[in-house]
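What follows is a set of notes on a single structure, which appears directly below.
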Amino acid sequence: MATRITLERCAKTFPDGTRALEPLDLAIEPGECLVLLGPSGCGKTTLLRLIAGLAAPDEGGRIAFDGTDVTARPIEARRVGMVFQSYALFPNMNVAQNIAYGLKIRGDAPAATAARVAEMLRLTQLEGFGERRIDELSGGQKQRVALARAVAIAPSVLLLDEPLTALDAKLRESLRIELKRLLGALKVTSVFVTHDQAEAMALGDRIAVLSRGRIEQIGSARDIYARPATRFVAEFVGQVSRLNLPGRGEVLVRPEHVELGAPGTGSFDATVAVCTFLGNLSAIELCTDDGQTLLAETRVPVAAGSRVGVTLDPAYFLEPRS
């Protein structure tokens, strides 16, 4: 069965007095993929290290797996699998030997180890690569070997620390799809760290958005995008424009909720400052007559300097609580 992870009053202060993580409570449900999303230095990797057992919370913090207190247990006693950005593969071992490493350390029988390695090669679509040297693999193949090695020991929890960051954009997107398939097949509780919002929205059953050592909001990708709890979440997850409207004050609006038309047909007119072609649509930066900037999208490119009418639907204004 998949593991439920709970953290209670977990904070982390480094010896120099730096507070990396403010006290927090968190529950990760069995079998779900929780993504920790936020900018560099927000505390997401520190939180992952607490779950892994690579770091201990400040006094008073408690971490439990299925109700059993593991706060004082080191990583090797927690049955966690870890995948790193750097792959951390053994260059002197071939693919099969890398995958088998944890099984051999654990003392599994050779026949059982060979069967498990074959299963992992199939699961990660690496059949036929068992005898390959690590330096003969592409970046995506190396990352799949790292995943296979982490999963081979049947961990109770799978932890992934920005595993796709080192890959180029196209490979990262394709491997993201493979990883989604793999996590769905494994049904293991997983925690995934990233600063990439598209990655978080693609992979996470839930997303925890962190800022300055605090969890700003936890929810589905749809909830966080459409109903951000704080201004930080609204501005970090997706694009957003701040506008001051007569009689309304400041509002936050997403580009896809800005409707463009002929001058004089909307709520107000604006000038196209920049139009960037992105394939199936174009990103527009508008300048209002009172000097404000507004982001919009259109399927019909508009020349810079053009005048357009802008219609805003108040139903789509974002209203974070803080």
Side-chain angles (χ1 to χ4, degrees), residues 35 37-39 42 169-170 172-173 176-177 180 194-212 214-322:
V35 175
L37 174 66
C42 70
K170 191 167 185 178
R172 190 163 64 239
E173 187 172 343
R176 184 189 303 161
I177 296 170
K180 180 78 170 179
T194 184
H195 63 271
D196 186 316
Q197 57 182 274
E199 203 164 271
M201 298 176 83
L203 291 170
D205 296 311
R206 289 190 300 156
I207 300 170
V209 183
L210 281 80
S211 173
R212 294 177 295 180
R214 295 180 174 85
I215 295 178
E216 297 271 331
Q217 184 175 1
I218 300 180
S220 69
R222 186 179 298 276
D223 285 342
I224 285 173
Y225 187 82
R227 291 177 289 278
T230 67
R231 180 161 298 189
F232 173 84
V233 174
E235 295 180 338
F236 188 78
V237 181
Q239 292 184 309
V240 68
S241 300
R242 295 188 190 187
L243 282 181
N244 277 296
L245 299 179
R248 178 68 187 251
E250 186 179 73
V251 300
L252 302 180
V253 60
R254 299 284 190 203
E256 65 268 26
H257 298 141
V258 179
E259 183 178 337
L260 304 182
T265 61
S267 305
F268 55 87
D269 289 350
T271 301
V272 177
V274 179
C275 179
T276 304
F277 179 69
L278 299 176
N280 64 329
L281 53 78
S282 293
I284 306 292
E285 182 177 310
L286 301 169
C287 183
T288 66
D289 290 345
D290 59 358
Q292 300 185 77
T293 299
L294 176 64
L295 302 176
E297 296 175 348
T298 178
R299 295 191 180 277
V300 180
V302 183
S306 300
R307 294 284 288 174
V308 294
V310 179
T311 299
L312 301 178
D313 187 342
Y316 292 114
F317 292 164
L318 303 180
E319 296 182 351
R321 295 188 294 272
S322 61

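Hydrogens, waters and symmetry mates play no part in the numbers below; they use all other heavy atoms, side chains included. For this chain, numbers begin at 1 and follow the sequence in order.
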Shortest non-hydrogen contact from [X] to [Y]?
X	Y	answer
V35	G204	CG2-CA, 3.5 Å
R254	G238	NH1-C, 3.6 Å
M201	V237	SD-CG1, 4.3 Å
A273	A304	O-CB, 3.7 Å
Q217	V233	OE1-CG1, 3.4 Å
T230	P320	C-CB, 3.3 Å

Keeping to residues at least two apart or across chains, list the salt bridge (Lys or Arg N to Asp or Glu O under 4.0 Å) pairs with something in residues 259-286.
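Of all non-adjacent pairs touching residues 259-286, none passes salt bridge (Lys or Arg N to Asp or Glu O under 4.0 Å).
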Salt bridge (Lys or Arg N to Asp or Glu O under 4.0 Å) contacts touching residues 306-318 (sequence neighbours left out)
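Output for this query lists D289-R307.
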Could you list the residues that satisfy side chain to side chain contact (heavy atoms under 4.5 Å, CB included) with [X], not counting sequence neighbours?
X	result
E319	R248
E235	R231, V240, R242
S220	R222, D223
D290	T288, Q292

For a side chain to side chain contact (heavy atoms under 4.5 Å, CB included) check, start with the C-alpha distance between L312 and L243, then their side-chain angles and the critical distance, and finish with the verdict.
CA-CA 11 Å; L312 301 178; L243 282 181; 3.7 Å; yes
Do V310 and V258 come within less than 4.5 Å of each other through their side chains, counting heavy atoms only?
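A side-chain contact exists here, since the closest heavy-atom pair is under 4.5 Å.
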Which side chain to side chain donor-acceptor pair (under 3.5 Å) pairs, counting each pair once, include a residue from residues 275-284, with sequence neighbours left out?
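Listed by first then second residue: nothing to list.
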Please list all pairs passing the ring-ring contact (aromatic ring centres under 6.0 Å, His included) test where one or both residues lie in residues 270-303, with sequence neighbours left out.
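Not a single pair qualifies under ring-ring contact (aromatic ring centres under 6.0 Å, His included).
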Applying ring-ring contact (aromatic ring centres under 6.0 Å, His included), which residue pairs with at least one partner in residues 222-275 are found, sequence neighbours left out?
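As it turns out, the ring-ring contact (aromatic ring centres under 6.0 Å, His included) pairs with a partner in residues 222-275, which skip direct neighbours, are F232-F236, H257-Y316.
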My understanding is that only residues two or more places apart in sequence, or in another chain, count here; which of them pass side-chain hydrogen bond (donor to acceptor under 3.5 Å, both in side chains) with E199?
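In terms of side-chain hydrogen bond (donor to acceptor under 3.5 Å, both in side chains), with neighbours along the sequence ignored, E199 is linked to T194.
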Partner residues of S267 under the side-chain hydrogen bond (donor to acceptor under 3.5 Å, both in side chains) criterion, sequence neighbours left out
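S267 satisfies side-chain hydrogen bond (donor to acceptor under 3.5 Å, both in side chains) with no residue once adjacent residues are dropped.
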List the residues meeting salt bridge (Lys or Arg N to Asp or Glu O under 4.0 Å) with R206, not counting sequence neighbours, and say none if there are none.
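Listed in chain order: E32.
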Rounded to the nearest 0.5 Å, how far does [atom2] of [Y] lie from [atom1] of [X]?
X	Y	atom1	atom2	result
I218	I207	CD1	CD1	11.0 Å
L37	I215	CG	CD1	12.0 Å
L294	T271	CG	OG1	12.0 Å

Surrounding CZ of R176 (heavy atoms of other residues, nucleotides or ligands, distance under 6.0 Å), is the total greater than 12?
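For R176, atom CZ is crowded (more than 12 foreign heavy atoms under 6.0 Å).
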